[in-house]
Amino acid sequence: MSILKDKFSNSTTDDECKVFIRPIRDVIDIIGSKWSLPILVALSFKNHRFKELKAQISGITPRMLSKELKNLELNYMVNKISLNDSNTIVEYSLTSHGKSLDEILVAMRTWGKVHREKTIK
């Protein structure tokens, strides 16, 4: 028997399953891209300017980084902070909503390490 079934329901119905899946789909829509999680992890260590983020995340193009940052801003995960009056120097930081993913990111890292050890021998 699944831990999820034990935790959320004593009986299972198609409707209960759909209700459970809906918020998970929302999460995947926000952080399920190839680059969202690396950006969030980098920002969880410290605030970064655009070029610093690009250097931190190997393989990302400036265009993709810009697109992902805009998406994360729209979803209240990232703040864009102007450091001067002309908005030419900006820094990105996690919002409190973005920081609420910390425990999930730690759990994902822990699971990923175990999985890597199990599959790469």
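Each residue takes its place number in the sequence, starting with 1. Heavy-atom basis, side chains included; hydrogens, waters and symmetry copies ignored.
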So, do Leu40 and Leu94 sit near enough that their side-chain heavy atoms are less than 4.5 Å apart?
-> yes
Heavy-atom check, side chain of Leu101 versus side chain of Met77, under 4.5 Å | yes
Within residues 49-62 or reaching into it, pairs that qualify as side chain to side chain donor-acceptor pair (under 3.5 Å) - sequence neighbours excluded = none
Under 4.5 Å between side-chain heavy atoms, hopping through other hydrophobics if needed: is there a path connecting Ile31 to Ile21?
-> no
Spacing of Ser66 atom OG and Ile60 atom CD1 [to the nearest 0.5 Å] = 9.5 Å
Residue pairs passing the ring pair (Phe, Tyr, Trp, His ring centres under 6.0 Å) test where at least one lies in residues 26-75, sequence neighbours excluded | none
According to the ring pair (Phe, Tyr, Trp, His ring centres under 6.0 Å) rule, which pairs have a member within residues 61-98, sequence neighbours left out?
-> none
Please name all residues satisfying side chain to side chain donor-acceptor pair (under 3.5 Å) with Glu68, sequence neighbours left out, ordered by chain then number.
-> Ser33, Ser36
Contacts of Arg25 meeting side chain to side chain donor-acceptor pair (under 3.5 Å) (sequence neighbours excluded), chain-then-number -> Asp29
Results of side chain to side chain donor-acceptor pair (under 3.5 Å) for Thr88 - residues two or more places apart only = Asn84, Ser86
About how many Å separate CG of Asn79 and OG of Ser96, when rounded to the nearest 0.5 Å?
-> 8.5 Å
Name all pairs fulfilling the salt bridge (charged side-chain N to carboxylate O under 4.0 Å, His left out) condition that reach into residues 79-91, sequence neighbours left out, sorted by first residue then second.
-> none
Distance, nearest 0.5 Å, that separates CG of Leu65 from CD1 of Ile57 = 6.0 Å
Go through the steps to decide whether Ser93 and Leu43 satisfy the test side chain to side chain contact (heavy atoms under 4.5 Å, CB included), and finish with yes or no.
-> CA-CA 6 Å; Ser93 66; Leu43 291 174; 5.7 Å; no
Show me the side-chain donor-acceptor pairs of residues 103-120 shorter than 3.5 Å, one per line, residues at least two apart or across chains.
from	atom 1	to	atom 2	distance (Å)
Thr110	OG1	Val106	O	3.0
Thr119	OG1	His115	O	2.9

Residues Ile30 and Leu72: closest non-hydrogen pair is O-CD2, 4.2 Å
Using a 4.5 Å side-chain heavy-atom cut-off and chaining through intermediate ILVMFWY residues, the residues clustered with Ile89 come out as Ile81, Leu83
Set of side chain to side chain donor-acceptor pair (under 3.5 Å) partners for Asn71, sequence neighbours left out | Asn75
For Leu74, what are the other residues in its hydrophobic cluster, where any two members join if their side-chain heavy atoms are less than 4.5 angstrom apart?
-> none
Is Val27 reachable from Val19 through a run of hydrophobic residues whose side-chain heavy atoms are each under 4.5 Å from the next?
-> no
